[in-house]
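What you see is a predicted model; the values in this text were computed from it and never measured. Each chain gets a letter, A, B and so on, in the order the sequences are listed, and its residues count up from 1.
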Amino acid sequence: MLEIANIRNNAEEVKGRLAVKNFKELNLVDEAIVIDAKRRSIQLVLDENLNKQNIIAKEIGELFKQGKKTEADARKQDSASLKEQSKELEAELAKNEEALKDILVRIPNTPHKSVPVGKTPEENEVVKQVGEIPALHAAAQPHWDLAKKYDLFDLELGVKLTGAGFPVYKGKGAKLQRALVAFFLDNAIDAGYLEVIPPHMVNADSAFGTGQLPDKEGQMYYIGLDQFYMIPTAEVPVTNMVRDEILDGLPKKFVAYSPCFRREAGSYGKDVRGLNRVHQFEKVEIVQIAHPDKSYEVLEEMVKHVEGLLQKLELPYRILRLCGGDMSFGSALTYDFEVYSAAQKRWLEVSSVSNFETFQSNRMKVRFRDELKKTRLVHTLNGSALALPRIVASLLENHQVEDGVNIPAALQPYTVYNKIV
RNA sequence: GGAAAGAUGCCAGAGUGGUUGAAUGGAACAGUCUCGAAAACUGUCUUAGUCGCAAGGCUAACGAGGGUUCGAAUCCCUCUCUUUCCGCCA
């Protein structure tokens, strides 16, 4: 949610930035300004009214003390009409505040200056590409076939238990999940992140804070009986840990492992083969709560961290700076990481690292005190480090040899086995 | 699931209708003192909205939402949460 003061003071610039995101409803910006002006004018009159009421109340108190009961009673009359007016004004103010918020939540975050213009994923900017694309042997297979061959995970069994997109990992496949989670967590802890294990369901306030609500209900599983949402990412509970707080000691660095639940309504076809797209998956997420003047340095640091992981896993990867049209609603700048999956011969997104600037902190009221002891909104950032299924897909496909799948050296202390046979 | 108690500022903790945005203590910050530190003393010390160039003013908030009243942290109603006890249970 953009800050209304920013919209008010820089309307044209805001609109210009939103255009980069291909946001069509620029009229919402003007509407917000109109309603905001109305809201303030109402507040002005209301405050004056309440002030008068307060003065009268004090006078009556004084008169009672002096025993002037008749005069006090007379004074009470004066309050009646003011009170009536105040009630109406209050109702009107509340209506305007609500209307303003309804508009503000529909306006996406303004993209950073470095965000390339573009509408489709093809227009994302490839920042860099690292690592050799492996040349596989003639009988190389995609990961879903390898999974069958070595009995690593079973999607059909998941269908029986739950439905499509809920894999059952088995044997070395299951161990590989645990190994990757531990490997990712340890790397983040070494980089100064505090490990947390968050709840896997959140309430509506939390879902609103990070921007899942309103409008994106359809992407989350919902427990109606208790009004809980299954988390689509640990970003939601972890970022909300600082909701409504005034922090010191920035940046705050958190890392969390959690399962992630995504309905992925409407996606099907070749893209969802194997582990390419599932409804439940494991992910290690890094989150930073940063000083607004430092947040882009923090973003670079997070990008470096993710890169380090991919290098240790010996996977070819590339980093994309997302264009305006491909960015998420709340992000100001996003880097996507893709690994090459050699048997499928395609790039798979395994991480998304974003700076939300004050988009989330304004919703969550997360602040810190600046040098002048004034409260200011923090910047929030998060990134996958990393999401497991596609890492597993790429790991299996890229590291396969004729008689098995090799495990990268960095991961061997965690898997204990060094080859899947 | 049943019963009871409670929810006040960074923390502890007063306050049961009229200068209480909130006593007191602690913490924190600044200053005096000191070679430095401690102690002592002095001061500062909630947040948000709004008006103002500023100084500063006004309004709101004592778990949340309603109500009574000229006036509520204080009275009434609803809800939420916490703690303790009982039951159930990993």
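- With P as the reference atom, B:rC86 and B:rG17 are 38 Å apart, rounded to whole Å.
- Contact detail for A:Met327 and A:Thr334: the closest heavy-atom pair is CE-N, 4.2 Å.
- Protein atom CD1 of A:Ile42 is 17 Å distant from nucleotide atom P of B:rA60, rounded to whole Å.
- Of all heavy-atom pairs spanning A:Ala385 and A:Val306, the tightest one is CB-CG2, 4.2 Å.
- When all heavy atoms are compared, the tightest approach of A:Arg17 to A:His112 is NH2-O, 2.8 Å.
- Annotation: B:rG36 and B:rC51 have their P atoms spaced 49 Å apart (nearest Å).
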Please write out the pairs of protein N or O atoms and N or O atoms of nucleotides 71-78 of chain B separated by less than 3.5 Å, giving the distance to one decimal.
{"unit_1": "B:rG71", "atom_1": "OP1", "unit_2": "A:Lys83", "atom_2": "NZ", "d": "3.4"}

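- B:rC33 is unpaired under the Watson-Crick or G-U wobble criterion, no partner having all donor-acceptor distances under 3.5 Å.
- Rounded to the nearest Å, the gap between the P atom of B:rU47 and that of B:rA22 is 14 Å.
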Quick one: which protein N/O atoms are closer than 3.5 Å to N/O atoms of nucleotides 44-49 of chain B? Pair and distance per line, please.
{"unit_1": "B:rU47", "atom_1": "OP1", "unit_2": "A:Arg369", "atom_2": "NH1", "d": "2.1"}
{"unit_1": "B:rU47", "atom_1": "OP1", "unit_2": "A:Arg369", "atom_2": "NH2", "d": "3.1"}
{"unit_1": "B:rU47", "atom_1": "O3'", "unit_2": "A:Arg367", "atom_2": "NH1", "d": "3.0"}
{"unit_1": "B:rA48", "atom_1": "OP1", "unit_2": "A:Arg367", "atom_2": "NH1", "d": "3.0"}
{"unit_1": "B:rA48", "atom_1": "OP1", "unit_2": "A:Thr375", "atom_2": "OG1", "d": "2.6"}
{"unit_1": "B:rA48", "atom_1": "OP2", "unit_2": "A:Thr375", "atom_2": "OG1", "d": "3.3"}
{"unit_1": "B:rG49", "atom_1": "O3'", "unit_2": "A:Arg39", "atom_2": "NH2", "d": "2.8"}
{"unit_1": "B:rG49", "atom_1": "O2'", "unit_2": "A:Gln43", "atom_2": "OE1", "d": "2.1"}
{"unit_1": "B:rG49", "atom_1": "N2", "unit_2": "A:Asp47", "atom_2": "OD2", "d": "3.0"}

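- B:rU46 and B:rA40 have their C1' atoms separated by 28 Å, with the value rounded to a whole Å.
- Checking A:Ile60 against A:Glu48, the closest nucleotide of RNA chain B that is more toward the 5' end is the one next to A:Glu48.
- A salt bridge is absent between A:Asp151 and A:Lys172; no separation between the charged side-chain nitrogens and carboxylate oxygens falls under 4.0 Å.
- A distance of about 7 Å separates the C1' atoms of B:rA27 and B:rC11, rounded to the whole Å.
- Nucleotide B:rG71 forms no Watson-Crick or G-U wobble pair with any nucleotide shown, as no partner meets the under 3.5 Å limit on both distances.
- Straight-line distance from the CG atom of A:Leu44 to the C1' atom of B:rG52: 11 Å, rounded to whole Å.
- Taking the six-membered ring wherever Trp is involved, the centroid distance between the rings of A:Tyr296 and A:His379 does not fall below 6.0 Å.
- A:Tyr335 and A:Glu300 form a side-chain donor-acceptor contact under 3.5 Å, judged by distance and modelled atom types alone.
- Both cation-pi conditions hold for A:Lys101 and A:Phe208: the charged atom is under 6.0 angstrom from the six-membered ring centre and inside a 45 degree cone around its axis.
- Counting to the nearest Å, the C1' atom of B:rU59 and the NZ atom of A:Lys52 are 14 Å from each other.
- Between B:rA12 and B:rU83, the two P atoms lie 14 Å apart (nearest whole Å).
- Position along RNA chain B of the nearest nucleotide to A:Lys58 versus A:Lys76 favours A:Lys58 as the more 5'-ward residue.
- Across every strand in view, B:rG1 sits in a pair with B:rC86 that passes the Watson-Crick or G-U test at under 3.5 angstrom.
- Residue A:Ile55 contributes atom CD1, which lies 9 Å from atom P of B:rC58 at whole-angstrom precision.
- A:Ile56 comes within contact range of no nucleotide atom at all, as no heavy-atom separation falls under 4.0 Å.
- If you take CG of A:Asp370 and C1' of B:rC29, they are 15 Å apart, rounded to a whole angstrom.
- Base pairing of B:rC53: no nucleotide in any strand meets the Watson-Crick or G-U wobble criterion (both distances under 3.5 Å).
- Base pairing of B:rA60 is made with B:rU47, judged by Watson-Crick or G-U wobble geometry with both donor-acceptor distances under 3.5 Å.
- Under a 4.0 Å N-O distance rule, the pair A:Asp36/A:Arg40 qualifies as a salt bridge.
- A donor-acceptor pair shorter than 3.5 Å can be found between the side chains of A:Asn187 and A:Lys312.
- At whole-Å resolution of the value, CG in A:Asn51 and C1' in B:rC70 are 15 Å apart.
- Going from the P atom of B:rU78 to that of B:rG87 covers 30 Å, rounded to whole Å.
- On the P atoms, B:rG21 is 16 Å away from B:rG63, given to the nearest whole Å.
- Between A:Gln77 atom CD and B:rU69 atom P there is a gap of 14 Å when expressed in whole angstrom units.
- Screening residues 50-61 of chain A for side-chain hydrogen bond (donor to acceptor under 3.5 Å, both in side chains), with sequence neighbours left out, gives A:Gln53-A:Ser86, A:Glu59-A:Arg75.
- Two rings, from A:His291 and A:Phe368, have their centers less than 6.0 Å apart.
- Rounded to an integer number of Å, the gap from A:Leu63 CG to B:rU19 C1' is 15 Å.
- Nucleotide B:rA7 has B:rU80 as its partner under the Watson-Crick or G-U criteria, with both atom distances under 3.5 Å.
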